[in-house]
Asker: 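Quick one: the structure is below, questions incoming.
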Amino acid sequence: MSIIDEVIDEVNSLDVNDLKSYLPKKKKQAKAEPKELPPLDKNEKVVLRFAPGPSGPLHLGHTRALALNNYYKKRYNGKLILRLEDTNPNAIDPEAYVLISEDLDWLGIEADEVITQSERIETYYEDIRKIILKGGAYVTKSDAEEWRELKRQKKAHPDRERDPERQIAEFDSLLSGDNGIVVIKTNLDDPNPALRDFVAFRVVEDPHPLQKTKYRLWPLYNFAVAIDDYRLGITHVLRGKDHLNNTEKQKWIYKYMDWKEPEFIHYGLVSIPKTNLKTSKIRQSISDGEYSGWDDCRIATIRALARRGYSSETFSKYWEASGVKEVDIKFSWQNFDAMNKDLIDAKSKRLFFVSEPCEYIFSSKKTITKEAPWHPDNKKLGNRVEDIISGSKIYLPNADLSKIQDTSEIRLKNLCNVKINGNTLEFSGFEHKKGIPIFQWCSGNRKIELYYPDGTISQGLVEDNIDKLDNTVVQFERTGFVRLEGDKAFFLHR
RNA sequence: GCUCCCGUGGUGUAGUCCGGCCCAUCAUCUCGGCCUUUCGAGCCGAAUACCCGGGUUCAAAUCCCGGCGGGAGCACCA
């Protein structure tokens, strides 16, 4: 009998309960401490940047780059530069320069420096001259399609081979009125067609919102970015995977200039479901009158989310938890909302909200006092108190009424029991009875409109004492968290 | 089509570099139970994952090969 059979027999003979003692022990959990994002390679002061195009205010999609860059800035006591990339005169909303700064302020992110690319055009001119002189760039006035077709075939355009002095002369002619482009030479044999020779400058005659007609030759994205990242001392470029090819292009500029490259980190793409983030589309809908503005509660701009009552801290928490991996991820409103709820729950006061109110008259021998806590757990917030005299109007939510009999006894939450008799609510005691339906109610006629992000609007009544809660986040019990704004309330989440 | 990146529960994430302490972490969601003057929160419990197939190895989420799947780029936009 082999040793294996012996062991099998022995094990089979054991009692089930004895066997349990052989199960591996559950390891006790190691740590509840929040996990950290991976460290950065660093030998020097960390300098990061956030670089949006000023085409509109910031939206949810921008907050990942912002949160991650700001995280590392704080972790390494580094520096964060806000760089406004306004080198396409046709794609600029002049208001965006201010809107973006406001959005950063609201998020609680402080840029140590603000740079506007359109103020740095001379720098770009100087550096491209150097690259041309080194033979790293050329000017062509050829037809765009012809030039592109040659690239597709991995062939050099004749203009590519001219000597640097000639290229400089051509460059000057672009500054003084000719049409053409400046191209960075890369490897024409590159198997990736996206990486063969890319345009560094082009002519745009349209006036720039800030520089007006001062310039006509404008740098394109990859050129301006590479120059600025170096000139501004950026040590770590942290951005989305969609920039993978751009990184390869930008490296050519570092190579020609003989510059040390920053560390490039690319995180995966985020898809944000059921959310329109396209600035141009939102702008169109605003001008069509469909949306009330950049802060319409149906869109996912920072200002709209702020108006709904999200805490700015939620954004950084969410993105830090999502990490910097190159996997593409799906944004989860559910997880995001759960994090936000964690932050606001303990400090949000509770209010009754009565939708589709039905009017009743309260009847009792004496005045009854409502004494309801502002928060069920956080007793420090105290109570809201209200005297209800016989003959007062009481409003009850229609949806709840439809579930009960006309003559039922119900409990008015935090007040007393009543019997429904026609349109009268007759006092029937204070005793807490099990199983009796409990109703939220309102005595006043304070109307409020509740706006949901899906566009629906619910009409209802709210407790009278909301004035001092204007512009704060409260919880309408059983409905969800909302932010109050005058006679409107914006739905945040459950 | 070409080039590049990436595949762990419904979702996000830890572990992958340096194979074993991983019958796989944490959060959220879902479902029970407790508590509660409805909701929420809290507490207790349950369910759910290593894309597939080969290989290497005593041992594979982890290393190798091949599939499959997802995403991005191929602009005189950013």
Side-chain angles (χ1 to χ4, degrees), chain A residues 23-27 29-36 51-55 84-88 90-92 117 140 144-145 147-148 151-152 179-183 190-196 198-204 217-218 220-222 224-225 240-249 266 268-271 273 279 317-323 325-339 341-342 344-346 348 350 352-353 372-373 375-378 400 411-417 430 432-434 436-440 475-481 493-494:
Chain A
L23 284 172
K25 294 170 190 60
K26 275 273 183 195
K27 340 167 272 295
Q29 67 217 32
K31 35 75 232 217
E33 72 195 47
K35 64 172 197 302
E36 282 202 321
S55 57
L84 297 157
E85 307 205 320
D86 57 345
T87 55
N88 178 0
N90 292 315
I92 296 167
Q117 286 191 322
T140 180
E145 206 30 65
W147 175 75
R148 251 183 246 125
K151 269 208 312 178
R152 252 190 293 273
N179 279 321
I181 54 174
V182 185
V183 182
D190 198 307
N192 185 349
L195 262 28
R196 296 176 205 145
F198 64 94
V199 181
F201 285 85
R202 63 162 177 174
V203 171
V204 182
L217 185 65
W218 289 93
L220 263 357
Y221 177 76
N222 280 301
V225 163
K241 228 169 60 171
D242 47 331
H243 288 289
L244 244 18
N245 280 343
N246 289 327
T247 297
E248 294 309 310
K249 292 183 189 178
H266 302 97
L269 267 13
V270 193
S271 76
T279 302
K317 279 188 82 169
Y318 185 87
W319 293 121
E320 284 168 28
S322 295
K325 292 204 308 182
E326 280 195 25
V327 256
D328 298 330
I329 61 174
K330 212 185 293 172
F331 180 84
S332 164
W333 283 105
Q334 223 169 31
N335 288 8
F336 187 73
D337 288 350
M339 285 187 181
K341 187 161 61 189
D342 252 6
I344 62 167
D345 183 40
S348 300
R350 267 54 175 173
F352 294 164
F353 170 69
H375 192 287
D377 307 315
N378 188 354
D400 288 350
R411 182 170 185 91
L412 300 177
K413 193 174 182 209
N414 298 119
L415 189 70
C416 63
N417 303 327
F430 292 109
H432 292 175
K433 297 178 182 171
K434 284 270 184 241
I436 178 172
I438 299 168
F439 275 61
Q440 289 183 61
Q475 189 196 59
F476 281 176
E477 290 201 45
R478 224 149 68 101
T479 301
F481 293 89
H493 50 67
R494 281 191 68 82

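Per chain, numbering begins at 1; letters A, B, ... match sequence-line order.
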Asker: Would you mind reading off the distance between A:Leu415 atom CG and B:rU38 atom C1', rounded to a whole angstrom?
Answerer: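 Between C1' of B:rU38 and CG of A:Leu415: 15 Å.
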
Asker: Nearest whole angstrom, please: distance from the P of B:rU38 to the CG of A:Leu412.
Answerer: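 Taking CG of A:Leu412 and P of B:rU38, I get 14 Å after rounding.
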
Asker: Start at the 5' end of RNA chain B and walk down; is the nucleotide closest to A:Glu326 or to A:Ile438 reached first?
Answerer: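 Whichever sits nearer the 5' end wins; that is A:Glu326.
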
Asker: Is there a donor and acceptor pair closer than 3.5 Å between the side chain of A:Gln475 and the base of B:rC39?
Answerer: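 Pair found.
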
Asker: Considering only atom C1', compute the distance from B:rC17 to B:rG1 and round it to an integer number of Å.
Answerer: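 Between the two C1' atoms, the distance is 34 Å.
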
Asker: Rounding to the closest angstrom, what is the interatomic distance between B:rC18 and B:rA24 at atom P?
Answerer: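 Each nucleotide's P atom is 26 Å from the other's.
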
Asker: Heavy-atom distance under 4.5 Å between the side chains of A:His266 and A:Asn246, does that happen here?
Answerer: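 When only atoms from C-beta onward are counted, A:Asn246 and A:His266 do not touch, as no gap falls below 4.5 Å.
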
Asker: Keeping the roles fixed (side chain from A:Arg152, backbone from A:Pro193), state whether a donor-acceptor pair exists under 3.5 Å.
Answerer: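 No; zero donor-acceptor contacts below 3.5 Å.
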
Asker: Between A:Arg350 (side chain) and A:Ser348 (backbone), is there a donor-acceptor pair under 3.5 Å?
Answerer: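 Answer holds: yes.
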
Asker: Among residues at least two apart in sequence or on other chains, which ones pass side chain to side chain contact (heavy atoms under 4.5 Å, CB included) with A:Arg494?
Answerer: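 By the side chain to side chain contact (heavy atoms under 4.5 Å, CB included) rule, A:Arg494 matches A:Phe491.
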
Asker: Could you state the atom-to-atom distance from CE of A:Met339 to C1' of B:rU11 in whole Å?
Answerer: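 One finds 11 Å between C1' of B:rU11 and CE of A:Met339, rounded.
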
Asker: If I take atom NE2 from residue A:His243 and atom CG from residue A:Leu269, how far apart are they, to the nearest 0.5 angstrom?
Answerer: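 So the NE2 of A:His243 and the CG of A:Leu269 are separated by 9.0 Å.
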
Asker: Whole Å only: how far is the CG atom of A:Asn414 from the P atom of B:rU36?
Answerer: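 Distance, rounded to whole Å: 15 Å.
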
Asker: Could you walk me through whether A:Val225 and A:Lys249 satisfy the side-chain contact (heavy atoms from CB on, under 4.5 Å) test, starting with their C-alpha distance in whole Å, then the side-chain angles of each, then the deciding distance to 0.1 Å, before giving a yes or no?
Answerer: CA-CA 10 Å; A:Val225 163; A:Lys249 292 183 189 178; over 6 Å; no

Asker: Would you classify A:Thr87 as touching base, sugar-phosphate or nothing, given that sugar-phosphate means primed atoms plus P, OP1 and OP2, and contacts are heavy atoms under 4.0 Å?
Answerer: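 Since only primed, P, OP1 and OP2 atoms lie under 4.0 Å of A:Thr87, the category is sugar-phosphate.
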
Asker: Whole angstrom is fine here: how far is it from CZ in A:Phe336 over to C1' in B:rC29?
Answerer: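 Between C1' of B:rC29 and CZ of A:Phe336: 17 Å.
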
Asker: Between B:rC51 and B:rG70, how far is it from one C1' atom to the other, in whole Å?
Answerer: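 Looking at atom C1' only, B:rC51 and B:rG70 are 11 Å apart.
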
Asker: Of A:Lys325 and A:Phe481, whose closest RNA chain B nucleotide lies nearer the 5' terminus?
Answerer: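 Between the two, 5'-proximity favours A:Lys325.
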
Asker: Taking C-beta and beyond as the side chain, do A:Phe198 and A:Asn245 meet within less than 4.5 Å on heavy atoms?
Answerer: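 When only atoms from C-beta onward are counted, A:Asn245 and A:Phe198 do not touch, as no gap falls below 4.5 Å.
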
Asker: Rounded to whole angstrom, note down the P distance from B:rC50 over to B:rU37.
Answerer: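 Roughly 44 Å separates the two P atoms.
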
Asker: A:Phe352 vs A:Phe439, test: side-chain contact (heavy atoms from CB on, under 4.5 Å). Steps then yes/no.
Answerer: CA-CA 9 Å; A:Phe352 294 164; A:Phe439 275 61; over 6 Å; no

Asker: When we call it a touch if two heavy atoms are under 4.0 Å apart, what does A:Lys330 touch: a base, just sugar-phosphate, or nothing?
Answerer: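 Sugar-phosphate contact only.
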
Asker: In whole Å, what separates the C1' atom of B:rG15 from that of B:rG33?
Answerer: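 It comes out at 33 Å once rounded to the nearest Å.
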
Asker: Report yes or no: does A:Asp190 contribute a side-chain atom to a donor-acceptor pair with the main-chain N or O of A:Arg196 at less than 3.5 Å?
Answerer: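 No, because the side chain of A:Asp190 does not come within donor-acceptor range (under 3.5 Å) of the backbone of A:Arg196.
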
Asker: In whole angstrom, what separates A:Phe439's CZ from B:rU38's P?
Answerer: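 Taking atom P of B:rU38 as the reference, CZ of A:Phe439 is at 14 Å.
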
Asker: What's A:Pro437 touching, base or sugar-phosphate or nothing? Going by heavy atoms closer than 4.0 Å.
Answerer: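 Result for A:Pro437 = nothing.
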
Asker: Could you tell me whether a side-chain N or O of A:Gln440 sits under 3.5 Å from a main-chain N or O of A:Glu477, the two making a donor and an acceptor?
Answerer: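 Yes, because the side chain of A:Gln440 sits within donor-acceptor range (under 3.5 Å) of the backbone of A:Glu477.
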
Asker: Write down the distance separating the P atoms in B:rG53 and B:rC76, rounded off to the nearest Å.
Answerer: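 Comparing P positions in B:rG53 and B:rC76 gives a spacing of 45 Å.
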
Asker: Checking salt bridge (charged side-chain N to carboxylate O under 4.0 Å, His left out) against A:Asp400, which of A:Arg478, A:Arg411, A:Lys413 comes through?
Answerer: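 Only one of A:Arg478, A:Arg411, A:Lys413 forms a salt bridge (charged side-chain N to carboxylate O under 4.0 Å, His left out) with A:Asp400, namely A:Arg478.
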
Asker: Give every pair of a protein N or O atom and an N or O atom of nucleotides 41-45 of chain B that lie under 3.5 Å apart, one pair per line with the distance.
Answerer:
| residue | atom | partner | partner atom | Å |
| --- | --- | --- | --- | --- |
| B:rA41 | OP1 | A:Lys341 | NZ | 3.4 |
| B:rA41 | O4' | A:Asp345 | OD2 | 3.3 |

Asker: List the atom of A:Asp86, the atom of A:Pro54, and the distance in Å for their closest heavy-atom pair.
Answerer: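 Here A:Asp86 and A:Pro54 meet closest at CB-CG, 3.6 Å.
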
Asker: Measuring from the side chain of A:Gln334 (C-beta onward, heavy atoms only), which nucleotide among B:rA78, B:rU11, B:rC29 has the closest atom?
Answerer: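 Selected nucleotide (nearest to the side chain): B:rC29.
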
Asker: With sequence neighbours excluded, tell me which residues meet ring pair (Phe, Tyr, Trp, His ring centres under 6.0 Å) with A:His375.
Answerer: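 So A:His375 forms no ring pair (Phe, Tyr, Trp, His ring centres under 6.0 Å) with any residue.
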
Asker: Name the closest nucleotide to the A:Lys413 side chain, picking from B:rU8, B:rU37, B:rC39.
Answerer: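 Among B:rU8, B:rU37, B:rC39, the one nearest the side chain of A:Lys413 is B:rU37.
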
Asker: Taking the P atom of each, how far is B:rG54 from B:rG40, in whole Å?
Answerer: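 Their P atoms lie roughly 47 Å apart.
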
Asker: To the nearest Å, how far apart are A:Gln440 CD and B:rG40 P?
Answerer: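 Taking CD of A:Gln440 and P of B:rG40, I get 12 Å after rounding.
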
Asker: Decide yes or no for A:Tyr221 and A:Thr87: does some side-chain heavy atom of the first lie under 4.5 Å from some side-chain heavy atom of the second?
Answerer: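 A:Tyr221 does not reach A:Thr87 side chain to side chain.
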
Asker: If I pick the P atom on B:rG9 and the same atom on B:rU3, what distance separates them, to the nearest angstrom?
Answerer: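 About 29 Å, rounded to a whole number of Å.
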
Asker: Across nucleotides 67-76 of chain B, 5' to 3', mark each nucleotide with B, S or - according to how protein heavy atoms within less than 4.0 Å reach it.
Answerer: ---BSSBB-B

Asker: How are the rings of A:Phe476 and A:Phe353 set to each other: parallel, tilted or perpendicular (split at 30° and 60°)?
Answerer: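 Parallel, since the angle between the ring planes stays under 30°.
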
Asker: Let me know the distance between CD1 of A:Ile436 and P of B:rU36, rounded to the nearest Å.
Answerer: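 Those two atoms, CD1 and P, are 17 Å apart.
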
Asker: Any idea which of B:rU37, B:rG12, B:rU13 is nearest the A:Asn335 side chain?
Answerer: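 Output: B:rG12.
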
Asker: Atom pairs, N/O to N/O, protein against nucleotides 46-51 of chain B, distance under 3.5 Å?
Answerer:
none

Asker: Taking A:Asn378 for the side chain and A:Ala346 for the main chain, is one N or O donor matched with an acceptor at less than 3.5 Å?
Answerer: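 Side chain of A:Asn378 to backbone of A:Ala346, a donor-acceptor pair under 3.5 Å: yes, one is there.
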
Asker: What base-paired stems does RNA chain B take part in, with at least 3 consecutive Watson-Crick or G-U wobble pairs and both distances under 3.5 Å?
Answerer: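 So the stems come out as B:1-7 with B:68-74, B:10-12 with B:26-28, B:30-34 with B:42-46, B:51-55 with B:63-67.
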
